[in-house]
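Below, all heavy atoms of this structure are taken into account, side chains as well, without hydrogens, waters or symmetry copies.
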Amino acid sequence: MPSPAGVGEFDAVARALKTVLDSLEDSKAENIVSIDIQGKSSLGDYMVIASGRSHRHVAAVADHLLTALKDAGLGAARVEGLSGADWVLIDSGDIIVHVFRPEIREFYNIEKMWQAPDLEEETVH
């Protein structure tokens, strides 16, 4: 019997998310937050935000994650910001990962924006 539509895709996203979270934990990333952005954005299904203690730690966390994604057969992710290592963005397609130094994360506070409740379409601004 064939699987219901979308179930295989869900399994792939769940596996990718687990790979990301496991890699971040292994790298000793701090304050890891996973945000479900399905229905909020066409950018991906999940956004994961984490912190590194220093430039060197942010770069090491990002490098470890890129290797984990490739080793899991999830392809080569797009990367921005690795050279400066203040804020590294890793886009694996379904999962978007931000790794920040703590003060940069606090300044941009992107999890506040993405964790905001959905507004009803009829809301007047």
Is there a side-chain contact (heavy atoms from CB on, under 4.5 Å) between L24 and V61 once you walk through the steps?
CA-CA 7 Å; L24 294 173; V61 167; 3.5 Å; yes
Set out, in order, the CA-CA distance, both residues' side-chain angles and the distance that settles side-chain contact (heavy atoms from CB on, under 4.5 Å) for R105 and V33, then state yes or no.
CA-CA 12 Å; R105 181 176 180 173; V33 176; 3.4 Å; yes
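- Side-chain contact check for I96 versus I90: every heavy-atom pair is 4.5 Å or farther apart.
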The test is side-chain contact (heavy atoms from CB on, under 4.5 Å); show your working for I110 and M47 and say whether it passes.
CA-CA 10 Å; I110 64 172; M47 183 173 295; 4.3 Å; yes
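- The shortest non-hydrogen separation linking S92 to A77 is CA-CB, 4.0 Å.
- In terms of heavy-atom proximity, G52 sits nearest to P102 at O-CD, 2.9 Å.
- Shown are V97, I95, I32; of these, the side-chain contact (heavy atoms from CB on, under 4.5 Å) with L21 is made only by I32.
- Residue pairs meeting the salt bridge (charged side-chain N to carboxylate O under 4.0 Å, His left out) criterion with at least one partner in residues 54-71, sequence neighbours excluded, are absent.
- The CG atom of N31 sits 11.0 Å away from the CD atom of E106 when rounded to the nearest 0.5 Å.
- Considering CG of L17 and CG of D22, their distance stands at 9.0 Å, rounded to 0.5 Å.
- Interatomic distance, CG of D45 versus CG of D36, reported as 7.5 Å (0.5 Å rounding).
- In this structure, L89 and R78 have side chains that are not in contact, with every pair of non-hydrogen atoms separated by 4.5 Å or more.
- Side-chain contact check for I37 versus Y46: every heavy-atom pair is 4.5 Å or farther apart.
- Listed here is the closest heavy atom pair of V88 and L82: CG2-CA, 3.9 Å.
- Remark: S27 OG to H57 NE2 distance equals 6.5 Å, nearest 0.5 Å.
- Pairs engaging residues 71-95 under the ring pair (Phe, Tyr, Trp, His ring centres under 6.0 Å) rule: W87-H98, W87-F100, W87-Y108 [sequence neighbours left out].
- In terms of heavy atoms, L65 sits closest to S23 at CA-OG, 3.2 Å.
- Annotation: side chain of D86 is in contact with side chain of H55 (closest heavy-atom distance under 4.5 Å).
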Take L74 and T19 through the side-chain contact (heavy atoms from CB on, under 4.5 Å) test and state the conclusion after the steps.
CA-CA 9 Å; L74 297 170; T19 300; 4.1 Å; yes
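- If you check the side chains of D26 and H64, you find no donor sitting under 3.5 Å from an acceptor.
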